[in-house]
Amino acid sequence: MAEAKKIDLKSDIKFMKGVGPKRAASLQKLGISTIGDLASYYPRAYEDRSCVTAIGDLTPDDENSIYTAIGVIVNIKEKLFGRNRSILMATISDGTGYLQVNWFNQRFLKKSLVIGKRILVYGKIGYAYGGRGMLAVTRLISFEQLEPGEAIPQQGILPVYQATESINQRYIRRLTENLLESGIEIEEIIPESIRKKYNLMPRRSAVCSIHYPKNNDELAKARDSLAFEELYIIQCGLLLLKKDSQQEVDGIRHLMSGSLVKSVVNSLPFSLTEDQANVWHDIERDMERNIPMRRLLEGDVGSGKTVIALLALVKTVENGYQGAFMAPTEILARQHFAKFTEMLKDKKIRVGLLVGSLTAKNRRETLERIAGHELDIVIGTHAVIQENVRFDRLGLAVTDEQHRFGISQRAALDKKGEHAPDVLVMTATPIPRTMTLTVYGDLDVSRIEHLPPGRQPIRTFVRENDRRQLIYEFVKKEIEAGRQAYVVCPLIEESEASDENRCHVPSAEEVYAELSQGIFRNIPIGLVHGRLKKDEKQQVMDDFYADKLKLLVATTVIEVGVDVPNASIMVIENADRFGLAQLHQLRGRIGRGPYSSYCILVAGSKSPLSRERLEVLRDTSSGFEVAEADLRLRGAGQFFGTMQHGAGDLKIVNVMKDTDILLRARQAAIETMADEKTLESIRPYLTDKYKDRFSQINDA
Ligand code: ADP
Ligand code: MG
């Protein structure tokens, strides 16, 4: 007889009782491939079924008006809208009154929801829309179809799962119930000592209670324990990564800053702000230690991060090392190159540029000069670390606008010499404070909170499309007063994409044509976008820097870092097509000089939600507030969709609210790293979980 397959959390879901191949496929679509996935398929809500209320006793629209009611369907009809929208409307009755129940876009239910069927509904009760006092479930949290005469199926607080056509609520409930009753072992992940100290529930109880809590207190405690677990694992992963990378290699011990650094500080046209001075102090201290620096410098756009990078690079040069400065785009790399060359011109520091568009010969020469230490500072795109660039002695690598650089690129720098160079990562990606630790937990963090003095605030306006004429007349006046302006468009050319609502979205090329032939026909204006050849792009940018072009029609190629202090106006066409954080980045291109600055967001859509989003920008100039609003309006999944760390692992954590848990989990992870025994008990789990990420780093 074949040995029975041992069922554990790693087993395929198809070994679960009641799951055939077809169901297994449907479950997989919900992200449930293993039994463990089912255990962590946490409910999205709960239904308190401790009491069923007679329809005649339902009280609509009070704050706590969430009820369970049972009735028989006495009437059902379907309304269709457009291509694929529908409402299924049922009226149910239990003899004490009538209640309307609506299902949106779930036409498949029509087969089973028929007159005479008994159903149980759980949701918020209000008045039916246009129903003259008729009661309705205004937010249906869950529902269940009952057999005739069947008693209330389950009592107490029930889980409400994300369900689908083929996997209904009742079915998932049965699966989770079977799973938890099966006595399957749910092993602890968090080391015993940490669990005790932080007062966490045993993992098995937490998992049971998150699905079937006895009461709200138990639910809250289970949720906290599991959220702690998620955050603790991520924190341990990040800290372990940091620990291993710092242990493997020696860092470079830079000397205290000397005359070269001081002379550069003295030649700046301004003095450092207090924030900048503090940050610079953190960096000097890191660089002077033997442990490789891994520091994140956060600061809103325009807060003055570049000068900090410059000083750090000069410091490494002063110590006889080379520095690399990586920008996310070629435009930016060239801009930094021009600035640094200018600022360092009397200092005998040799600055070079390494970007994709160099001629083969030029590139070869530059590579030779890097290898031969004829260049002290190399500015480029990420090609500087990705390709086979050999430095003679790399002492510091700075990456600007970190969101384009992943953790594996960060780690690739460890391989650049026998001593690991110091790494400074700079970002203006406004990440809510609470999330910095989750995404950049392997880095130490410094922040520039306040902008340099003397900035004029940027005034932001939200305007409808029909005001464009007036907007551009205003832009023209400002240009006549000596300023420059940007016009940003979401698309390059007309055919690129058509809007879902079939509204016309003017492209950069069209807007350029319209403006250059119309209101700005006597004013030199330019067009720049990603499809131009590199040298064409550069020419346009150079002309704009030199004030030869007064207005620049652009796509988001100008999003990061472009610094033209005389540009004081930005018009963003179809602003609702951009993310909030992106709009904030774009807006950061203006307000860099002493002039009053204006950002005009032209709303392409009239929807209230898109208006609300744009008004966030009108009402705050803080990148962090923008990020928090963006997160709130879009949800964490989308917000972190492109980030490499953490996002997919957060199933239960509420990134906006769980700051306290995050800080405790971080603390616990720090303690774990400090204690060999505790660390060894969780290391195998972490290595297994993060093996892709770790190996990516080891291969890099
Ligand atoms: P970001 O943080 O976006 O990279 P930058 O480094 O480009 O910001 O700085 C924006 C502008 O502020 C630059 O023109 C820079 O010269 C100027 N700046 C930086 N630090 C100071 C300071 N301490 N006082 C006045 N102006 C400053
Ligand atoms: Mg910058």
Check: [Y] main-chain N/O paired with [X] side-chain donor or acceptor under 3.5 Å:
{"X": "T138", "Y": "K124", "value": "yes"}
{"X": "E510", "Y": "S507", "value": "yes"}
{"X": "D576", "Y": "G604", "value": "yes"}
{"X": "Q276", "Y": "T273", "value": "yes"}
{"X": "S267", "Y": "V264", "value": "yes"}
{"X": "S597", "Y": "Y595", "value": "yes"}

- request: Quickly, which of V351, D400, T341 forms a side-chain contact (heavy atoms from CB on, under 4.5 Å) with H336? Name it, please.
  value: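 Running side-chain contact (heavy atoms from CB on, under 4.5 Å) over V351, D400, T341 with H336 returns exactly one hit, D400.
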query: Which of these, N574, V511, T556, sits in a side-chain contact (heavy atoms from CB on, under 4.5 Å) with C489?
result: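 Result: among N574, V511, T556, V511 is the only option passing the side-chain contact (heavy atoms from CB on, under 4.5 Å) with C489.
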Can you find a pair of side-chain heavy atoms, one from [X] and one from [Y], that are under 4.5 Å apart?
{"X": "L601", "Y": "F461", "answer": "no"}
{"X": "K305", "Y": "E298", "answer": "no"}
{"X": "V564", "Y": "R589", "answer": "no"}
{"X": "V265", "Y": "L311", "answer": "yes"}
{"X": "F544", "Y": "K550", "answer": "no"}
{"X": "I308", "Y": "T306", "answer": "no"}
{"X": "I525", "Y": "V487", "answer": "no"}
{"X": "I377", "Y": "I349", "answer": "yes"}

Would you say [X] has more than 12 foreign heavy atoms packed within less than 6.0 Å of its [atom1]?
{"X": "R611", "atom1": "CZ", "value": "yes"}
{"X": "F81", "atom1": "CZ", "value": "yes"}
{"X": "R85", "atom1": "CZ", "value": "no"}

Contact summary for [X] and [Y], nearest pair of heavy atoms:
{"X": "V261", "Y": "W280", "result": "CG1-CZ2, 3.9 Å"}
{"X": "H584", "Y": "G623", "result": "NE2-CA, 3.3 Å"}
{"X": "M287", "Y": "L396", "result": "CE-CD2, 4.3 Å"}
{"X": "L532", "Y": "L527", "result": "CD1-O, 3.5 Å"}
{"X": "A665", "Y": "L231", "result": "CB-CB, 3.8 Å"}
{"X": "V355", "Y": "A333", "result": "CG1-CB, 3.9 Å"}

field: side chain to side chain donor-acceptor pair (under 3.5 Å) contacts in which one or both residues fall within residues 470-479, not counting sequence neighbours
entry: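 Found Q469-E473, Y472-E573.
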- request: Carefully, step by step, assess V475 and F520 under the rule side chain to side chain contact (heavy atoms under 4.5 Å, CB included).
  value: CA-CA 10 Å; V475 173; F520 296 110; 3.8 Å; yes
message: Between S568 and Q484, do the side chains contain a donor N or O and an acceptor N or O under 3.5 Å apart?
response: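 The criterion, which ignores hydrogens and geometry beyond distance, is not satisfied for S568 and Q484.
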- prompt: Side chains of S516 and R521: is there a donor and an acceptor less than 3.5 Å apart?
  reply: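 Per modelled atom types, S516 and R521 side chains form no pair under 3.5 Å.
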task: Could you pull out all residues at least two apart from S303 that satisfy side chain to side chain donor-acceptor pair (under 3.5 Å)?
output: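 Expected list: none.
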- request: Can you sort out the partners of K345 under side chain to side chain donor-acceptor pair (under 3.5 Å), two or more places apart, ordered by chain and number?
  value: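 K345 satisfies side chain to side chain donor-acceptor pair (under 3.5 Å) with E342 only.
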message: With salt bridge (charged side-chain N to carboxylate O under 4.0 Å, His left out) as the criterion, how do R531 and E536 come out once you've worked through the C-alpha distance, each side chain's angles and the decisive distance to 0.1 Å?
response: CA-CA 10 Å; R531 291 213 200 131; E536 290 170 340; over 6 Å; no
[X] bridged to [Y] by N-O distance under 4.0 Å:
{"X": "R294", "Y": "D422", "result": "no"}
{"X": "R463", "Y": "D466", "result": "no"}
{"X": "R592", "Y": "D563", "result": "yes"}

message: Per the salt bridge (charged side-chain N to carboxylate O under 4.0 Å, His left out) rule, what does the pair list look like for residues 265-275, sequence neighbours excluded?
response: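 Pairs touching residues 265-275 that pass the test: none.
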query: Could you go step by step and tell me if L268 and V307 meet the side chain to side chain contact (heavy atoms under 4.5 Å, CB included) rule?
result: CA-CA 9 Å; L268 294 174; V307 64; 3.6 Å; yes
task: Step by step, work out the side-chain hydrogen bond (donor to acceptor under 3.5 Å, both in side chains) result for S357 and E330.
output: CA-CA 9 Å; S357 66; E330 186 160 336; 2.4 Å; yes
task: Test R223 against F228 for side chain to side chain contact (heavy atoms under 4.5 Å, CB included), laying out the working first.
output: CA-CA 8 Å; R223 209 199 74 85; F228 184 99; over 6 Å; no
query: With sequence neighbours excluded, what pairs up with Q539 under the side chain to side chain contact (heavy atoms under 4.5 Å, CB included) test?
result: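 Side chain to side chain contact (heavy atoms under 4.5 Å, CB included) check on Q539 returns D543.
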With sequence neighbours excluded, residues passing side chain to side chain contact (heavy atoms under 4.5 Å, CB included) with P594: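 Partners of P594 under the side chain to side chain contact (heavy atoms under 4.5 Å, CB included) test: none.
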- prompt: What do the steps show when you test E615 against R618 for salt bridge (charged side-chain N to carboxylate O under 4.0 Å, His left out), and what is the final call?
  reply: CA-CA 5 Å; E615 285 174 357; R618 183 194 64 190; 3.7 Å; yes
- prompt: Could you go step by step and tell me if R334 and K537 meet the side chain to side chain contact (heavy atoms under 4.5 Å, CB included) rule?
  reply: CA-CA 11 Å; R334 287 179 180 274; K537 217 184 324 185; over 6 Å; no
